[in-house]
Amino acid sequence: MQTRRIRTLHKIITLLLIITILSFTVAGAFGALYLREVREVSRLQSEKEQYQKEQFEREQQLASGQVLPAISSDVTDKPAMGGPQAGLAGTEDPESANEVAGAGEDSMDDVSAVELSELIQSKESEVEQSIKDRMKELVTDEDGSPLKMLRSFFPENLIYYFEEEYVFAPVLDNVKKHSLLDENFVKTDDGQMQYVENGTVLSHKGIDVSKYQGDIDWNAVKEDGVEYAFVRLGLRGYESGKIVIDEYFEKNMQGANAAGVKTGIYFFTQAVTVEEAQEEAEYVIQNIANYDVKYPIVFDVERIAGGKGRADGLTQQERTDITIAFCEAIKAAGHTPMIYGNVVCFTRLLDMTRLNDYDKWYAFYDDYMYMPYDVSCWQYTEKGKVNGIAGEVDLNISYKTW
């Protein structure tokens, strides 16, 4: 019961925080509009005062019998009487001059304080309604969600839901960013993601497999347009700490190599020391000796669901040290290292400022790639369908080849 009350309190606090942030956003927009209108009022008031001053000087000159200066140089070439410019010159027709002056003054009076106030209120209402409409669209659309709405309004943060709270992780300036454009991501009719630029598909289709895909017809996979596959080599037990090989590793490697599907490797780590990470790297290197591995060797740093992993207690610095140890050992063996993770891994578990030199493989299951950092590969669904695989399989697109 106490836990439920705490969770409820957390939800209330979170909701209040979101409302507060959105209120500041709306207030900021209103403030910008208000300042713009205030500047416009000041400009109009200055013009009105200048006009009144000029009118007063004209009246004084008329009263004293002085000749008013011409409005434009063209007027001096016109007749003093009878022509259409005579009244504008004001030299012989004071009543006409006063009429023109009066008309100008009336137009300035139209901009009253009440009307300006109403205009500002109208602009505020328009902005507020626009924000509400955008928020509603981002939440209620077919692929909408509260997270998608928050991410749209706070691009300076990476926002995700973690352990029953919303996390606003700042986007770090000193981590390399990608140059991919959102509008270039295109989903095909059969649900496959592509990155298309000027009508040319620049991305590369791939999958990742383990024992859970069972027997695979690799020739059919190749014919379905799959260029590469990341094959799970093995893992370290999240409780025992024992390294074990994936029971389908050899079969998958042999099938993929024979069919001409390029292969990379991934290993699920539970190393808790630098020495254990180096041990995992050596284990991988030994087991790929007989295979053609062109694509990267990947260090999978995911957490175990439910907080049961032996590595869950690592600090960010410790986990980053372990990751670097694995990657450097792979690099020393002549292979390309890569780091696999999701938004939690790339904001909370790892110090990304120390990992700029390594390729990243990002897992995020949606129709948009929510990650500003430079990544080489995006795993966009875990429910993909590929010929040659009976069940579901992870689908990936990469933005480069190796």
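Note that the numbering runs from 1 along the sequence shown for the chain.
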Subject >> Spacing of OH belonging to Tyr295 relative to NE2 belonging to His335, to within rounding of 0.5 Å >> reply: 16.0 Å

Subject >> Lys177 atom NZ: more than 12 heavy-atom contacts under 6.0 Å >> reply: yes

**OP:** Show your reasoning for whether side chain to side chain donor-acceptor pair (under 3.5 Å) applies to Thr353 and Asp351.
**Re:** CA-CA 5 Å; Thr353 64; Asp351 180 357; 2.5 Å; yes

**OP:** Report yes if the distance between the aromatic ring centroids of Phe249 and Tyr291 is under 6.0 Å, otherwise no.
**Re:** yes

Original post:
Angle class for the Trp378/Phe185 ring planes (parallel below 30°, perpendicular above 60°, tilted otherwise)?
Top reply: perpendicular

Original post:
Is Lys294 salt-bridged to Asp292, going by a charged N under 4.0 Å from an acidic O?
Top reply: yes

Subject >> Minimum heavy-atom distance Val393-Asp208, with the two atoms named >> reply: CG2-O, 3.5 Å

**OP:** Compute the ring centroids of Phe168 and Phe154, then answer whether they are less than 6.0 Å apart.
**Re:** yes

Original post:
Under a 4.0 Å N-O cut-off, is there an ion pair linking Lys222 with Glu227?
Top reply: no

Original post:
So how far is it from Asp367 CG to Lys148 NZ, rounded to the nearest 0.5 Å?
Top reply: 7.0 Å

Original post:
Taking atom CG of Asn252 and atom CD of Glu250, what is their separation to the nearest 0.5 Å?
Top reply: 10.5 Å

**OP:** Step through it carefully: locate the ring centre of Tyr166, locate the ring centre of Tyr161, and say whether they are under 6.0 Å apart.
**Re:** yes

Original post:
More than 12 foreign heavy atoms under 6.0 Å from OH of Tyr283: is that the case here?
Top reply: yes

Subject >> Aromatic centroids of Tyr266 and Phe268 separated by under 6.0 Å >> reply: no

Original post:
Quick one: CH2 on Trp402 to NE2 on His204, what's the gap to the nearest 0.5 Å?
Top reply: 8.5 Å

**OP:** Could you go through the side chain to side chain donor-acceptor pair (under 3.5 Å) check for Asp300 and Trp361 one step at a time?
**Re:** CA-CA 9 Å; Asp300 184 348; Trp361 177 12; over 6 Å; no

Subject >> Arg303 with Glu163: basic N within carboxylate O range, under 4.0 Å >> reply: yes

Original post:
Val196 and side chain to side chain contact (heavy atoms under 4.5 Å, CB included): which partner among Val186, Thr188, Asn184?
Top reply: Val186

**OP:** Using a strict 4.0 Å threshold on nitrogen-to-oxygen distance, state whether Lys360 and Asp374 make a salt bridge.
**Re:** no

Original post:
In terms of side-chain geometry, is the basic nitrogen of Arg236 or Glu280 positioned less than 4.0 Å from the acidic oxygen of its partner?
Top reply: yes

Original post:
Is there a side-chain contact between Val343 and Tyr362 (heavy atoms, below 4.5 Å)?
Top reply: yes

Subject >> Asp321/Arg354 salt bridge by N-O under 4.0 Å criterion >> reply: yes

Original post:
Is Lys385 salt-bridged to Asp190, cutoff N-O under 4.0 Å?
Top reply: no

Original post:
Got a sec: does the CD of Gln317 have more than 12 other heavy atoms crowding it under 6.0 Å?
Top reply: no

Original post:
Within the side chain of Arg232, is there an N or O that forms a donor-acceptor pair under 3.5 Å with the backbone of Ile265?
Top reply: no

Subject >> Closest heavy-atom pair and its distance - Phe346, Tyr373 >> reply: O-CE1, 3.9 Å

Original post:
More than 12 non-hydrogen atoms from neighbouring residues, nucleotides or ligands closer than 6.0 Å to CZ on Phe162, yes or no?
Top reply: yes

